[in-house]
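Worksheet: the structure to be examined is printed underneath.
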Amino acid sequence: MSYNHEKIDKKWQDLWDEKKSFKVVIDKTKPKFYALVEFPYPSGQGLHVGHPRSYTALDIISRKRRLEGFNVLYPMGWDAFGLPTENFAIKNNIHPSIVTKTNISNFKKQLKSLGISFDWEREIDTTDPKYYRWTQWIFIQLFNHGLAYKKEMNVNWCPSCRVVLANEEVVSGNCERCSEGVIRKIKSQWMLKITDYADRLIDDIDSVDYIDRVKVSQKNWIGRSYGAEINFTTNVDFDLQIYTTKPETIFGVTYMVIAPEHDFIIKHKDNIKNIDDVIKYIEKSKCKSDFDRVEMIKEKTGIILEGVYACNPLNNNKIPIYISDYVLITFGSGAVMAVPAHDQRDFEFAKKFGLEAIQVIDTLVNDKNSAILSNNDSDCLINSEFLNGLNILDSRSKILSFIEDKNIGRAKTNYRLRDWIFSRQRYWGEPIPIVFCEECGYQAIDEKDLPLKLPNLDNFKPTDSGESPLSNISEFVNTNCPKCFGLAKRETDTMPQWAGSSWYFLRYCDVDNEDQIASKESIDYFMPVDWYNGGMEHTTLHVLYSRFWHKFLYDIGIVTTKEPYLKRTSHGMILGENGEKMSKSRGNVVNPDIIISKYGSDTMRLYEMFIGDFEKSAPWSSDSIKGCRRFLERIWNFQNILIEGEYFRENLKIIFNKTIKKVTEDIENLKFNTAIAVMMSLINNIYETKSINKYEYKTLLVLLNPFAPHITEELNEICFKNNLYIYQFKWPIFDINKCIDSNIEIALQINGKIKNKIDINIEDDEENIIKIAKEKLAEYLDSRHIIKEIYIKNRLVNIVVK
RNA sequence: GCAGAUGUGGUGGAAUGGCAGACACGAUGGACUCAAAAUCCAUUGUAGAAAUACGUGUGGGUUCAAGUCCCAUCAUCUGCACCA
């Protein structure tokens with residue numbers, strides 16, 4: 001009987017469905033394990049070979065955990081709101097809800113054909129009103145706690161999608177979704193005050209087990225810096241407040257630069273003599289996005305404000321004021337004190353405009369072509385009056401207490417992180433549950449009226465004005481104020497796609513709950529997520545946003561853990577055969593359906609894991625996958641050479657124990673590729689004996705089951721007829737004492753170069769081994785002087801000679 | 001420019017400072033076959049008939065011993081908001 005993957009895959013997938021084999025309920029007699037993978041956006045293209053990498057990896061973990069006695073929650077759902085669906089719907093004139101339904105059913109079919117052990121009873125869909133009711137509920141809580149507010153923002157505007165993008169969604173100055181150029185536009189936006197949580201988002205990251213790259217990216221994104229705010233007076237009635245991380249260099253200030261958007265310019269335009277030129281410069285910089293400003297690294301631009309000047313509060317020196325777009329209004333106070341001697345950007349700007357530089361830190365490094373960047377805290381200050389002779393750290397604390405005493409400034413912590421722009425002027429998103437009343441202002445709708453359903457529009461295209469399509473529907477817009485019951489208008493903006501994915505892991509705990517996000521009991525039992533895996537591209541934003549919401553929900557008593565995810569790992573991308581990123585336009589996309597129908601889902605799963613280091617990207621190879629299929633066929637054919645036996649045979653005892661140990665450990669360390677390699681080695685060894693006994697075969701099937709669940713279940717049924725499924729078995733354990741061979745080969749070296757090898761017994765003592773080694777190496781030792789003899793246990797002998 | 005990562009056979013990739021190239025693909029030769037496919041066996045880092053020599057981007061260093069640690073350098077990839 002040959003290995004018929006089509007029949008076998010279907011048989012077991014149907015059986016798991018029918019028996020609800022992976023359904024999980026609260027069971028306090030067992031330890032729980034919550035495995036989570038990022039739920040997909042169900043795009044029209046269907047599943048991509050990249051998706052299964054993450055799902056298979058945590059499926060292996062989940063299946064192994066079940067065998068180890070855990071009660072495993074491994075759920076799946078759909079992050080289904082979003083622009084591509086809306087754009088597809090517009091283009092093809094089909095309602096986005098229908099597009100979504102079709103895409104989900106296609107994705108689901110494809111996922112099922114992979115045999116992942118999801119609990120499909122807990123499937124969620126972010127576009128389902130039963131789900132987004134609670135997304136809206138969380139927004140109301142944020143609003144009631146002052147964390148959601150409206151603000152006029154200079155926002156990124158995509159003329160093509162006609163939608164405002166968060167900074168995070170702008171890639172290289174272009175829209176992340178449609179790749180069109182992004183311009184700047186003023187718009188009143190709902191904002192979420194994520195900055196209130198900046199410290200906790202940084203500090204708590206040390207309490208969780210995230211891979212370092214993720215921790216670093218979270219910290220860098222928040223970007224906490226310690227510095228000072230200092231007020232500089234001016235010759236007009238206005239104090240310019242600057243932010244600096246190096247307050248001790250204040251005696252080196254020779255000019256000041258403010259952002260083009262700074263209030264000072266408009267307020268004192270009558271005092272600025274060259275105001276016409278200044279306005280021209282401002283207009284020019286308005287067209288640039290922040291990204292363009294970044295790109296302008298070659299040359300600094302700027303213009304002096306004539307007729308106004310600032311005073312250095314420390315020595316009353318008059319200093320000129322410039323505007324330049326390298327200073328951003330969104331960071332610090334939108335004004336910097338320029339110290340060209342010790343800051344590279346200031347140095348370049350000063351060079352271009354012929355401005356003076358005063359050196360205030362004495363350091364050995366001295367390069368005339370760049371600023372003097374001192375990294376040494378013990379360097380001392382010069383040209384700085386009362387700071388002279390103090391090192392950097394001492395002078396910093398002295399200047400801080402000085403400015404605080406004189407009330408001209410104070411220590412200040414700053415963050416790179418900005419508040420989260422939360423509005424979208426689009427149709428296919430959760431309506432924001434707020435109304436505007438002339439009398440009462442912005443009011444959250446009554447929680448009893450949730451969900452606020454997205455009206456079923458015929459015309460869901462964005463309006464050219466940039467308002468949401470919902471603004472055209474008077475039945476939706478016109479309503480009553482929940483407070484005074486007078487006439488009021490609904491908010492017509494919708495939420496960004498990030499919203500639904502910021503709390504979905506909570507809903508999985510209790511998907512059908514109609515009274516709350518999830519029951520307290522289910523949250524207490526399943527949360528936190530024990531292991532969360534997803535793409536590298538989400539390690540900054542999605543992880544940060546969902547941690548923020550979780551911390552807020554902690555503060556209002558909904559969840560009981562400060563962090564949502566105990567452990568976060570990320571997988572590398574699967575590239576096309578040509579080593580480039582898979583994409584439709586490159587024509588190198590591999591469709592998993594074709595692979596599965598040709599080789600079967602177990603081969604597909606195995607190859608996804610064998611392809612390379614899980615955390616690194618790897619190119620797909622349609623040749624290499626054959627090796628995985630051959631491996632499974634050999635295991636299949638073992639049923640023909642099956643013999644009786646209740647223990648490992650003596651000559652295979654060591655290798656079996658070693659393999660169990662390695663596979664057990666490698667799975668935990670995301671080293672799926674070497675786990676598979678060691679099983680391949682094992683079967684090569686078994687092959688040499690021309691037989692396999694029942695105990696050995698059963699052990700092998702359990703070990704392989706998390707990787708290749710269909711074929712292993714089938715073989716178990718054929719060969720053992722024990723009325724038990726493998727998923728009900730126990731994970732094999734190894735005997736640490738039987739993991740080392742008694743006879744091993746060690747290397748013999750002369751001065752670190754391999755010259756020979758010998759077999760030793762691990763019981764042999766060192767003295768004896770060195771003696772044998774020297775006999776073996778006699779020809780090299782002849783008449784030479786031995787300086788040192790090194791023996792590394794079970795590894796090698798190295799004789800150092802002269 | 002900044003930050004992070006990566007450089008190992010023809011290919012994907014293995015190697016707690018201790019025998020570089022596990023495992024797999026591909027290739028070559030052989031068995032089976034009328035033939036092909038599949039399967040099985042053997043070989044496969046480079047040079048060399050061999051002994052041997054050389055080999056982990058490049059140049060130094062530490063060490064009895066370096067793919068691995070340190071310094072410098074080059075190349076590639078990813079992210080970015082000139083973060084003061």
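Bear in mind the structure is a predicted one, so any value in this text is a computation, not a measurement.
A/Phe631 comes within 4.0 angstrom of no nucleic acid atom, judged by non-hydrogen atoms across all strands. Residue contacts shown for A/Asp613 are limited to sugar-phosphate atoms, with no base heavy atom under 4.0 Å away. A/Thr540 comes within 4.0 angstrom of no nucleic acid atom, judged by non-hydrogen atoms across all strands. Among the protein residues, A/Leu796 comes within range of the nucleic acid bases, having at least one heavy atom under 4.0 Å from a base atom. Within 4.0 Å of A/Asp346, counting heavy atoms only, lies no atom of the nucleic acid at all. Residue contacts shown for A/Ser621 are absent, as no nucleic acid heavy atom lies under 4.0 Å away.
Surrounding NZ of A/Lys776 are at most 12 heavy atoms belonging to other residues, nucleotides or ligands under 6.0 Å away.
Look at A/Asn414 and you won't find any side-chain N or O under 4.0 angstrom from OP1 or OP2 of B/A84. Contact annotation: A/Asn684 side-chain N/O to B/A24 OP1/OP2 distance is under 4.0 Å.
Among residues two or more places apart in sequence or in another chain, the ring pair (Phe, Tyr, Trp, His ring centres under 6.0 Å) test is passed with A/Phe353 by A/Tyr322, A/Phe349.
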Under-3.5 Å N/O pairs linking protein and nucleotides 63-67 of chain B:
| unit_1 | atom_1 | unit_2 | atom_2 | d |
| --- | --- | --- | --- | --- |
| B/C64 | O2' | A/Asn798 | ND2 | 3.4 |
| B/C64 | O2 | A/Asn798 | ND2 | 2.7 |

Using atom names, set out every protein N or O paired with an N or O of nucleotides 37-39 of chain B below 3.5 Å, distance rounded to 0.1 Å.
| unit_1 | atom_1 | unit_2 | atom_2 | d |
| --- | --- | --- | --- | --- |
| B/U39 | OP1 | A/Arg630 | NE | 3.3 |

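In this entry B/G26 has B/U44 as its Watson-Crick or G-U wobble partner, both defining distances falling under 3.5 Å. Base-pair partner of B/A3: B/U78 (Watson-Crick or G-U wobble, both distances under 3.5 Å).
Ion pairing of A/Glu767 with A/Lys771 is absent here, as no side-chain N (NZ or NE/NH1/NH2) approaches a carboxylate O to less than 4.0 Å.
A/Thr301 and A/Ser324 get closest at one heavy-atom pair: O-OG, 2.6 Å.
No close placement of the A/Phe631 and A/Phe610 rings is indicated, their centers lying 6.0 Å or farther apart.
Side-chain atoms of A/Arg418 lie closest to B/A81 of the nucleotides B/A15, B/A84, B/A81. Of all nucleotides listed (B/U16, B/A84, B/C80), B/C80 comes nearest to the side chain of A/Trp221. When distances run from any side-chain atom of A/Lys755 to the nucleotides B/C19, B/A84, B/A53, the shortest one goes to B/A53. Closest to the side chain of A/Asn220, from the set B/C83, B/A3, B/G13, is B/A3. Distance from the side chain of A/Lys671 is smallest to B/A15 among B/A14, B/A15, B/G26. Side-chain atoms of A/Arg416 lie closest to B/A81 of the nucleotides B/G4, B/A84, B/A81.
The interatomic distance linking A/Met609 (CE) with B/G13 (P) rounds to 14 Å, in whole Å.
Relative orientation of the A/Phe707 and A/Phe672 rings is perpendicular, given thresholds of 30° and 60° on the angle between their planes.
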